Enquirer: 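Structure below; questions to follow.
This structure is a prediction, so every number in the text was calculated from the model and none was measured. Letters A, B, ... are given to chains in the order of the sequence lines, protein chains preceding strands, and every chain is numbered from 1. When reading the values below, keep in mind they use all heavy atoms of this one structure, side chains included, and skip hydrogens, waters and symmetry mates.
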Protein chains: 2
Amino acid sequence: MSSPEISTPSALESLRDFLADQKLALNARLPAERQLCSELGLSRGKLRKALALLEAEGQIWRHVGRGTFIGPRPVINLNDVEYLSEQSRPTEVMEARMAIEPQLAKLAAVHGTASNFAEMRRCQKRCHSAREWRVYEAWDNNFHQAIATATCNKLLISLFDTLNIVRRSTVWGQLRSTQLPPADHGSFAEHEAIYEAIVGRNPDLAADHMRSHLKSVRDRTFSAMEN
Amino acid sequence: MSSPEISTPSALESLRDFLADQKLALNARLPAERQLCSELGLSRGKLRKALALLEAEGQIWRHVGRGTFIGPRPVINLNDVEYLSEQSRPTEVMEARMAIEPQLAKLAAVHGTASNFAEMRRCQKRCHSAREWRVYEAWDNNFHQAIATATCNKLLISLFDTLNIVRRSTVWGQLRSTQLPPADHGSFAEHEAIYEAIVGRNPDLAADHMRSHLKSVRDRTFSAMEN
DNA sequence: GGTGTAACCAATGCAGTATTGGTTACAGCC
DNA sequence: GGCTGTAACCAATACTGCATTGGTTACACC
């Protein structure tokens with residue numbers, strides 16, 4: 001039986017020869033499968049087996065609708081926020097917040113500067129003076145952003161930004177309970193506690209307050225969803 | 001009456017009234033400028049001035065070809081991992097790991113499945129049998145990746161991936177102390193402790209072990225850098 | 001100088017079409 | 001039965017032409 005053991009390897013060989021001939025640069029796109037078939041005189045099945053081997057070796061990578069390319073598969077776009085938002089359920093987003101934001105508060109208490117603290121204070125005041133839910137929410141968001149900024153860690157800030165975008169674009173399955181100005185919103189006291197702990201350079205306390213703040217946010221959100 | 005001090009504010013007022021009437025949701029798109037002009041009976045110039053004020057307040061954001069939207073301008077996609085890597089110093093990367101990975105271990109102990117645990121075990125074995133530093137490092141990396149995967153939280157996994165890419169592309173300012181096979185590498189016991197805590201469904205213990213593991217990694221790394 | 005109007009610009013969205021890798025069904029052939 | 005080649009189909013993606021949108025400029029008119 002000379003056919004399978006030899007014919008498939010020969011397909012691989014002719015494909016390798018073709019690639020060597022063309023001297024294709026990194027990331028270059030090679031002809032579509034159907035075209036390569038006729039050029040190399042191979043059936044599509046054989047060609048695809050050869051291509052699969054090359055792909056397994058990391059020599060090429062393929063994608064439906066795009067083509068076959070030279071080189072290692074590029075890193076997937078991790079920050080494809082839309083995709084992430086579709087993939088993330090509200091409980092997951094909340095879980096991620098509770099995992100990360102307390103740590104940010106902790107580090108903010110360590111590395112935060114006076115101007116960081118001033119920005120946090122400014123956001124708090126705007127929260128108080130907000131008369132519409134939307135405005136309140138904007139400054140609440142800025143408050144949490146200010147805490148992330150206070151970590152003085154660009155990587156963590158970037159991770160928080162991604163988390164934040166996903167959170168804001170997540171469909172929470174509810175309308176805000178109207179245009180309610182959040183007059184006696186419980187978050188005021190919680191924000192204050194977080195702020196005090198951070199400014200007081202008390203990392204663990206800051207993390208604790210952030211954790212309980214997020215817990216109450218979670219409870220309010222999900223209980224509102226069930227109503 | 002028709003002086004600029006009055007006419008422009010009135011444009012702003014009628015625009016605010018319009019927004020209140022429509023009760024537009026967050027991220028909703030409001031009508032195109034030309035349409036709003038006729039609806040509100042304003043010239044485009046006046047309308048644009050009013051819109052510019054709202055935009056300055058952070059109430060709306062606009063983009064050519066897309067439209068005008070309610071809410072804060074979404075943050076640009078910072079998928080530029082290379083940029084992040086340049087901006088992040090080794091201490092920052094390490095700090096981010098110590099902030100996030102213990103939380104991942106904690107959640108892995110909560111949500112992890114049997115197949116997650118099997119994968120973690122597989123990575124551990126490969127770490128043991130590795131004879132080159134590079135291979136060891138690859139499976140060590142996979143071990144931490146498996147923990148992130150075990151959180152069953154796509155958002156957290158994605159954040160970890162970003163962190164991981166930055167970490168791996170960070171210049172640590174040192175060469176590995178040669179090709180040393182890490183025969184009695186201290187991380188073995190630490191990995192084992194983390195694994196046991198996760199499989200034993202002990203979230204806090206898992207976080208603790210991860211924290212001390214990262215501490216020892218940090219100490220080894222930075223002491224090596226000083227030598 | 002300020003205002004309103006219209007025209008233009010580049011960026012974007014959108015819908016329809018073509019292309020691409022991946023898969024399946026089937027006839028033909030040892 | 002097992003393998004092969006062919007064709008058809010599928011979902012994802014690129015491409016293309018057109019409509020729309022915010023931003024800008026020019027100009028006539030007070």
Enquirer: Report the residues that fulfil ring pair (Phe, Tyr, Trp, His ring centres under 6.0 Å) with His128(A), sequence neighbours left out, ordered by chain and then residue number.
Expert: Phe188(A)

Enquirer: Would you please name every residue forming a ring pair (Phe, Tyr, Trp, His ring centres under 6.0 Å) with Phe143(A), sequence neighbours left out?
Expert: His191(A)

Enquirer: Applying side-chain contact (heavy atoms from CB on, under 4.5 Å), can you list everything that pairs with Arg121(A), at least two apart in sequence or on another chain?
Expert: Gln124(A), Lys125(A), Glu192(A), Tyr195(A), Glu196(A)

Enquirer: Which letter, B, S or -, goes with each nucleotide of nucleotides 5-22 of chain D from 5' to 3', with contact meaning a protein heavy atom under 4.0 Å?
Expert: SS-BB-BBBS------BB

Enquirer: Sort and list the pairs that fulfil salt bridge (charged side-chain N to carboxylate O under 4.0 Å, His left out) and have at least one residue in residues 31-41 of chain A, not counting sequence neighbours.
Expert: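 As it turns out, the salt bridge (charged side-chain N to carboxylate O under 4.0 Å, His left out) pairs with a partner in residues 31-41 of chain A, which skip direct neighbours, are Glu33(A)-Arg44(A), Glu33(A)-Arg48(A), Glu33(A)-Arg62(A).
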
Enquirer: Just grab all the ring-ring contact (aromatic ring centres under 6.0 Å, His included) pairs involving residues 27-74 of chain B, residues at least two apart or on different chains.
Expert: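 Of all non-adjacent pairs touching residues 27-74 of chain B, those that pass ring-ring contact (aromatic ring centres under 6.0 Å, His included) are Trp61(B)-Phe69(B).
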
